[in-house]
Amino acid sequence: MRYQRPKGTADILPGDSETWQFVESTARHLFSNYRFAEIRTPMFENFEVFSRTSGDTSDIVTKEMYDFKDKGDRHLSLRPEGTAGVVRAFVENKLYGPETTKPYKVYYMGPMFRYERPQSGRQREFHQIGVEAFGSDAPELDVEVIALGMDLLTRLGLKHLRLALNSLGDQETRSAYRQALIDFLEPHFDELSEDSKVRLHKNPLRVLDSKDPHDQELVADAPSILDFLTPAATEHFNRVKASLDSLGIDYDVDATMVRGLDYYNHTIFEIMADSPALGEGYTTVLAGGRYNGLVEELGGPEMPGVGFGLGVERLVLLMQAEKVAIPDVHPLDVYVVGIGDETSVETLKVVQAVRHAGLTADRDYLARKPKAQFKTANRLDARYTLTIGSQELADQTAHLKSMATGQEVTVKLASIYDDFQQVVASEFKED
RNA sequence: GCGGUAUUGGUGAAGGGGUUAACACACCGGAUUGUGGUUCCGGCACGCGUGGGUUCGAUUCCCACAUACCGCCCCA
């Protein structure tokens, strides 16, 4: 094997691509139902678009970015996530202007790139589907986004979903809490794991979700960010919870939940699924939150935003683990069997006639024996076969056979060319 | 970026320093003339990830590299 795909990439082949198409079309329909319109932004942006928005110290920026200099010496980066590019487009195209209705609701789907060690459900090129809604601070909009995420995963057949919810509050909340957390952890500095010692000053909130057992013991007694929420932030969070309650959406408040990207504030949430496909316990498949301030950060006016991103690879793994049935969108209606080289042109014409009549059709191109062709028709689960041999060619007829019943009739080629659907309807009424 | 496990045909895999690399599935062909899910027969590995090395001889031992998977980091 001479060439192999780059590390952390995948070929999505027929057999799997149907699942992807099902996911994408389901998402498109649902988004449209929620009145989100598609936005398509470049797969690479100026490096600063991501470094400014994700946080200069975030791992994404410091070690996971696929950044490069192009021939014009521009510092670019393959997008590691979807939100930054959408916000950039939102600002650049002045979509914050009065002529667009607010909230301005968009969705995207496509590949993202992160330079990291591949594992199941984690690749260097991976795919996300996401939504963003700009221009409203309403907690009910947060809930609409959450409800959309839950709806989508439910429609895709996932079970055992858990919605985790938290609030990071506003800037005032965060700085107060950050200090409180440092003050709390500092006396225990020597007990912290090596990773957490580094995290403590770089991003103390990260210590909260350390996987180190001893860290978790220490953190258990740490102050909760929810106790530091400003009155306004508390009010926002309470209304989010109340709205979720009124929609009958269950959630668990997880005060230790944090975010890898720095731009989040107020409501953050994750939808997790419990499946061995992605390792032990619950794994996050969809995550999002509010990012008030991000539009400003990229040069726009003060304009709030909220959204989510969903990892398609993880989703597909979960769907496969849960054996979600994918509708077969292109079954085979007719397989045309040609016997003898002299029938090849006629079978081609017949195949085309069937296709133009609006049915799916296929034929043999390897000059195989009738037996082999019928075997193939059977394997492809064809509803009908149309057989043409030298005798039929002379008579200008074909044998139309129902593969389910074995019933076979002789029909005129002319009638096939005229209206094949009519031929089927009159010959096999009970179908 | 760190640690571990693995790498044999289209697939699942057995094997193990020495003439022809099991078995199964799939696929292809055949079982007298042009018709499908059963049965029977036959075919099917540029030779065991890549490159070096040890050896009289390696797919089997050693080293490096690549990739996949698992854990950490982080995250969708």
Side-chain angles (χ1 to χ4, degrees), chain A residues 1-10 13 15 54 57-65 79-83 109-130 149 153 193-196 198-199 202-203 206 209-212 257-261 270-273 276 278-280 283-288 307-318 335-340 343 364 366 368-393 399-408:
Chain A
M1 219 150 312
R2 193 68 218 166
Y3 295 106
Q4 45 186 225
R5 60 184 180 268
K7 185 188 186 86
T9 63
L13 308 176
S54 300
T57 61
S58 71
D59 277 3
I60 283 188
V61 171
T62 57
K63 65 176 202 184
E64 293 176 1
M65 278 255 252
R79 61 184 187 191
E81 53 95 27
T83 301
M109 47 184 70
M112 307 291 161
F113 305 85
R114 249 119 104 160
Y115 191 87
E116 60 180 349
R117 198 68 175 267
Q119 272 176 49
S120 176
R122 306 176 51 170
Q123 297 170 188
R124 292 185 169 182
E125 180 186 27
F126 62 106
H127 297 75
Q128 282 191 347
I129 296 176
L153 297 183
S193 66
E194 291 307 309
D195 285 328
S196 289
V198 176
R199 283 189 280 236
K202 201 172 105 183
N203 189 347
R206 291 238 72 95
D209 67 349
S210 169
K211 281 172 188 159
D212 183 87
M257 183 167 72
V258 299
R259 237 341 60 106
L261 302 167
E270 297 187 4
I271 303 178
M272 304 189 271
L278 292 171
E280 292 299 307
T283 310
T284 301
V285 58
L286 184 153
F308 71 66
L310 129 75
V312 182
E313 279 78 4
R314 290 186 176 183
L315 171 66
V316 167
L317 281 174
L318 288 168
Y335 191 86
V336 180
V337 175
I339 302 164
T343 64
D364 173 75
L366 300 175
R368 298 193 301 152
K369 296 270 174 65
K371 182 188 178 78
Q373 295 191 43
F374 274 93
K375 238 176 157 164
T376 298
N378 189 56
R379 194 170 67 233
L380 298 179
D381 204 25
R383 287 190 65 193
Y384 302 102
T385 51
L386 267 171
T387 308
I388 300 173
S390 52
Q391 188 57 52
E392 289 80 3
L393 200 54
H399 290 309
L400 174 63
K401 178 175 183 175
S402 163
M403 292 299 278
T405 65
Q407 186 186 355
E408 190 168 22

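Residue numbers begin at 1 in each chain, while the letters A, B, ... track the order of the sequences.
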What integer distance in Å separates A:Asp364:CG from B:C28:P?
10 Å
Rounded distance in Å - CZ (A:Phe113) to P (B:A76)
17 Å
Between B:G15 and B:C72, how far apart are the two C1' atoms, rounded to whole Å?
36 Å
Output one letter per nucleotide in nucleotides 30-37 of chain B: B when a protein non-hydrogen atom lies under 4.0 Å from the base, S when only the sugar-phosphate is that close, - when neither is.
S---BBBS
Taking the same atom, C1', in B:A45 and in B:U20, what whole-Å distance lies between them?
13 Å
By side chain to side chain donor-acceptor pair (under 3.5 Å), A:Glu392 pairs with (sequence neighbours left out) A:His399
Rounded C1' spacing from B:U60 to B:G49 in Å
15 Å
Enumerate, atom names and distances included, each donor-acceptor pair closer than 3.5 Å involving a side-chain atom of residues 374-381 of chain A, sequence neighbours excluded.
unit_1, atom_1, unit_2, atom_2, d
A:Thr376, OG1, A:Arg368, NH2, 2.4
A:Thr376, OG1, A:Ala372, O, 3.1

Would you mind reading off the distance between A:Glu313 atom CD and B:C75 atom P, rounded to a whole angstrom?
18 Å
Who are the side chain to side chain contact (heavy atoms under 4.5 Å, CB included) partners of A:Arg124, not counting sequence neighbours?
A:Lys7, A:Tyr66, A:Tyr115, A:Pro118
Residues at least two apart in sequence or cross-chain that pass side chain to side chain contact (heavy atoms under 4.5 Å, CB included) with A:Thr9, listed by chain then number, are A:Arg5, A:Pro6, A:Glu125
Can you tell me, in whole Å, how much space there is between the P of B:U8 and that of B:C48?
11 Å
Which residues share a side chain to side chain contact (heavy atoms under 4.5 Å, CB included) with A:Thr343, sequence neighbours left out
A:Thr347, A:Ile388, A:Leu393
Pairing residues for A:Glu270 by the side chain to side chain donor-acceptor pair (under 3.5 Å) criterion, not counting sequence neighbours:
A:Arg259, A:Thr284
Nearest-angstrom distance, P atom, B:C46 to B:U11:
13 Å
Value in whole Å for how far the C1' atom of B:A76 lies from CZ of A:Arg114
6 Å
Most 5' of A:His127 and A:Tyr115 on RNA chain B, judged by nearest nucleotide
A:Tyr115
Can you check whether any acceptor in the base of B:C74 is under 3.5 Å from a donor in the side chain of A:Arg199, or vice versa?
no
Using the P atom as the point on both nucleotides, what is the distance between B:G47 and B:G10, in whole Å?
13 Å
Sequence-distant partners of A:Leu153, side chain to side chain contact (heavy atoms under 4.5 Å, CB included), two or more places apart
A:Leu158, A:Leu161, A:Ile271, A:Val285, A:Leu286, A:Leu310, A:Leu315
Could you tell me which residues satisfy side chain to side chain donor-acceptor pair (under 3.5 Å) with A:Gln123, sequence neighbours excluded, listed by chain and number?
none
Detail all sub-3.5 Å separations between protein N/O atoms and N/O atoms belonging to nucleotides 65-69 of chain B.
unit_1, atom_1, unit_2, atom_2, d
B:A66, O2', A:Gln4, OE1, 2.6
B:U67, O4', A:Gln4, OE1, 3.2
B:A68, OP1, A:Gly8, N, 2.8

Kindly write out the residues that satisfy side chain to side chain donor-acceptor pair (under 3.5 Å) with A:Gln391, not counting sequence neighbours, or none if the list is empty.
A:Asp395
For RNA chain B, what are the stems built from at least three Watson-Crick or G-U pairs in a row, each pair having both distances below 3.5 Å?
B:1-7 with B:66-72, B:10-12 with B:23-25, B:27-31 with B:39-43, B:49-53 with B:61-65
